[in-house]
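Worth knowing before you read on, the calculation uses all heavy atoms, side chains too, and leaves out hydrogens, waters and symmetry mates. By convention here, the first residue in the shown sequence is residue 1.
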Amino acid sequence: MSDTVPQAGSEQRAPAGPEPDPAAPAPLEVGLTPTGDAEVDARLERLADADHLATDGHVEVYEDVHRGLRDALTALDARPGPPAPPSPYQSRS
């Protein structure tokens, strides 16, 4: 241990590390609430892939997620429902 007192202006500085790149991708860390639909949840989790890409790579991820969510909604319309009730009026030929 040294008994010398550092003189003014002779402060020791930590070696400078690499400067952070402001253009580097940074995670948004947006919370994700499960929807209860496994297909939809998987698509939403895919959004996290954009956190590791440069901005110009986000479009591909967003379009993929949008396409998947649109397909999931379309599939809801395509599911068979109960049969339509018979019409009380029959057409006459």
Side-chain angles (χ1 to χ4, degrees):
M1 187 163 151
S2 174
D3 291 333
T4 60
V5 177
Q7 296 181 358
S10 66
E11 300 165 357
Q12 292 183 356
R13 293 183 181 172
E19 297 273 332
D21 182 6
L28 295 176
E29 299 178 12
V30 175
L32 180 64
T33 304
T35 65
D37 184 301
E39 183 179 357
V40 171
D41 290 342
R43 293 296 179 174
L44 294 176
E45 287 175 13
R46 167 112 165 81
L47 289 172
D49 293 347
D51 285 346
H52 309 290
L53 300 171
T55 306
D56 59 352
H58 291 190
V59 173
E60 182 180 339
V61 173
Y62 295 155
E63 286 179 347
D64 180 50
V65 171
H66 181 259
R67 186 173 30 260
L69 292 174
R70 186 181 57 229
D71 292 346
L73 285 173
T74 301
L76 291 174
D77 289 337
R79 291 184 182 157
S87 174
Y89 304 102
Q90 294 185 10
S91 61
R92 297 183 183 202
S93 306

Any donor and acceptor pair, going by atom type alone, linking the side chain of Asp41 with main-chain N or O of Thr35 inside 3.5 Å?
-> yes
Go through the structure and list residues passing side chain to side chain contact (heavy atoms under 4.5 Å, CB included) with Val59, not counting sequence neighbours.
-> Glu63
All side chain to side chain contact (heavy atoms under 4.5 Å, CB included) counterparts of Leu47, not counting sequence neighbours = Leu44, Tyr62, Val65
Taking all atoms of both residues into account, what is the closest heavy-atom pair of Ala50 and His58, and its distance?
-> O-NE2, 2.9 Å
Atom pair CG/NE2 of Leu69 and His66 - distance to nearest 0.5 Å | 7.5 Å
Which residues share a side chain to side chain donor-acceptor pair (under 3.5 Å) with Asp49, sequence neighbours left out = Arg46
Taken to the nearest 0.5 Å, the spacing of Leu76 CG from Asp71 CG works out to 11.0 Å
Are any non-hydrogen side-chain atoms of Asp64 and Arg43 less than 4.5 angstrom apart?
-> yes
Closest non-hydrogen atoms of Leu32 and Pro34, given as atom of the first, atom of the second and distance, are O-CD, 3.7 Å
